[in-house]
Each structure stands twice: as C-alpha cells, then as structure tokens.
Amino acid sequence: LERARKRAGWIRRDPERYWFAVFGEPGAQGAWAWRVGGHHVAIQVTLDDGAVVGSTPSFLGSNPAVVPEGPTAGSRTLTGEEILARDLLTNLSPEARAIAVVDAVAPPEIHSGFGARADLRSVPSGIRHDDLAAPERDRLESLVRHYLGRAPDDVAAASWERIVDTGLAPITFAWAGSDEPGHIHHDEPGRGRRDDRRCARGAPYADHPGDRRGGGRSRSPERTRPTA
C-alpha cells in the first residue's frame, strides 16, 4: 500500500527484511529460544526441556490503524489492546485517573527505546494494581491476559499462572496522550514482564516483552536485527 502510494520510507517494510534467530542449542533438553523479527513484528518462543515456557518478548504493530481506502477500507487490526485499555481508563475514579495519566501528550516512540536492551528507566509507573478498586483490577488483568492470549491457550495459561504466583500488586497502568481515539500510549509494567502499547497518529503499537525466562530483550521491531 505504501509503495503503491509512493510514500517515502516504504522500503523499511520490505517483506525480505525479516530475520530469524536461535538462542541456545535447540533440543529436547535444556532451555533455548527462537525469534522472528522485522518491521512491526517481533515474536519469541522459549522452550525448556521440550516444553514451551514463554512466548515473550512479543510485538505486533499496525500502521495505519484503520485501512483508509480500497476494498478493505475501514478494517482495523489490534483493536483489543486499545478497547480494553480505554475501558479501564474511562472507569477509573478521578483520583486514580490522576495517577494513571502520566502525560497529556503521547510519546513519539516506545518508552523502553530501541536499543539491544530495553531501558526501563523512562517508563512511567502510573497506578499500581493494588491501588485500584476491584472492578478496575479485573479490567487491568483482562488487558494483561489479552496480550498473553496471543500464545496458545496452554502457554498463555502457564504465563498467567507465573505472573499470579509472583504477585499482581507491582503491575501498573500508565496512560499518556488524549483520551480520544487515535492519540494514546499506555504501559503495563510489572515484575518480570512489561506491556507497551502506542496508538499515535492512527498507528497502534503493542509490545509485550514480558516474562523473561528466556532472557529476551525488548527492541523496537523496526530496528530489530537479531543474529543467530
């Protein structure tokens, strides 16, 4: 679509500019992982003794958020992240919302940066899970589980169990930007996991580096260059 419309920079979406990486020694014994990365895609799966134990870091992006023209005009992708986050935001009390909304302007890029290792120092904390009222805790948990749900049911269930066992209290929800559709950014950082979602200028981004059992590192997929 970008090439047909002669938009500058379309080459970064070249379908051949995607990479496959393997970490560790593949086999039925021990831990190892594989990753596929490229523009708007970063998928990692970690295995331990032959069983999948993690499906993060994970990133899927879409730009534009809504198809502007053609036979699929009006179609949207990755709607769940925004719908669930916006539902949580709109149901916060004024006091909780004042803590959760960390900036009136959405950031231009993912807070953790696009280096080889995620830099979490600039990620705003927002409001903690244990500072929310019970209904809003449920909404935050639904948002986290939505990200985990990209994986098969058994993997998602195991990941959620590990998060619960570790404790939900440190998970936080932060919102930056307008509360109108099209210009938002939200984060759900927590112990051992992190979700990052951006929807700016009609382009949503969802990032879940999350459970780090496989030693995964968060990167912006536009700049992901994994090496085997």
Heavy atoms, side chains only, cut-off 4.5 Å: are [X] and [Y] in contact?
{"X": "Trp19", "Y": "Val36", "result": "no"}
{"X": "Gln29", "Y": "Asp49", "result": "yes"}
{"X": "Arg35", "Y": "Phe23", "result": "yes"}

Quick one: list whatever passes side chain to side chain contact (heavy atoms under 4.5 Å, CB included) with [X], sequence neighbours left out.
{"X": "Val45", "result": "Trp34, Leu47, Val52"}
{"X": "Ala158", "result": "Arg162"}
{"X": "Ala157", "result": "none"}

List the atom of [X], the atom of [Y], and the distance in Å for their closest heavy-atom pair.
{"X": "His129", "Y": "Leu168", "result": "CB-O, 3.2 Å"}
{"X": "Thr172", "Y": "Ser125", "result": "OG1-O, 2.5 Å"}
{"X": "Pro124", "Y": "Ala174", "result": "O-CB, 3.9 Å"}
{"X": "Leu84", "Y": "Ser142", "result": "CD1-O, 3.9 Å"}

Salt bridge (Lys or Arg N to Asp or Glu O under 4.0 Å) with Asp119: which residues, sequence neighbours excluded? Arg121
With sequence neighbours left out, what residues match Glu141 under salt bridge (Lys or Arg N to Asp or Glu O under 4.0 Å)? none
In one Ile/Leu/Val/Met/Phe/Trp/Tyr side-chain cluster, 4.5 Å: Val123, Val102: no
same_hphob_cluster(Val101, Ile171) at 4.5 Å side-chain heavy-atom cutoff: yes
So, using side-chain hydrogen bond (donor to acceptor under 3.5 Å, both in side chains) as the criterion, who are the partners of [X] when residues are at least two apart?
{"X": "His146", "value": "none"}
{"X": "Arg128", "value": "Asp130"}
{"X": "Arg97", "value": "Asp179"}

So does Asp165 have more than 12 non-hydrogen atoms from other groups sitting under 6.0 Å from CG?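 Correct, the count exceeds 12.
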For the atom pair OG (Ser55) and CG (Leu148), what is the distance rounded to the nearest 0.5 Å?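 Here the rounded value is 6.5 Å.
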To the closest 0.5 Å, what do you measure between CG (Leu88) and CD1 (Ile127)?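 Leu88 atom CG to Ile127 atom CD1 measures 9.0 Å (nearest 0.5 Å).
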Output a table of donor-acceptor pairs, distance under 3.5 Å, between side-chain atoms of residues 89-96 and any protein atom two or more places apart or on a different chain; print 'none' if there are none.
{"residue": "Thr90", "atom": "OG1", "partner": "Arg86", "partner atom": "O", "Å": "3.0"}
{"residue": "Thr90", "atom": "OG1", "partner": "Asp87", "partner atom": "O", "Å": "3.1"}
{"residue": "Asn91", "atom": "ND2", "partner": "Asp87", "partner atom": "O", "Å": "2.7"}
{"residue": "Asn91", "atom": "ND2", "partner": "Asp87", "partner atom": "OD1", "Å": "3.2"}
{"residue": "Ser93", "atom": "OG", "partner": "Glu95", "partner atom": "OE1", "Å": "3.4"}
{"residue": "Ser93", "atom": "OG", "partner": "Ala96", "partner atom": "N", "Å": "3.1"}

Check each of Ile99, Leu143, Leu132 against Phe173 using the side-chain contact (heavy atoms from CB on, under 4.5 Å) test, and report the only one that passes. Leu143
Check whether any side-chain N or O of Ser75 sits under 3.5 Å from a backbone N or O of Thr72 as a donor-acceptor pair, and report yes or no.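 Flag set: sc Ser75 to bb Thr72 pair under 3.5 Å.
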Look only at the side chain of Trp32 and the backbone of Thr46, and say whether a donor-acceptor pair between them is shorter than 3.5 Å.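 The answer is no, because no donor-acceptor pair under 3.5 Å joins these two groups.
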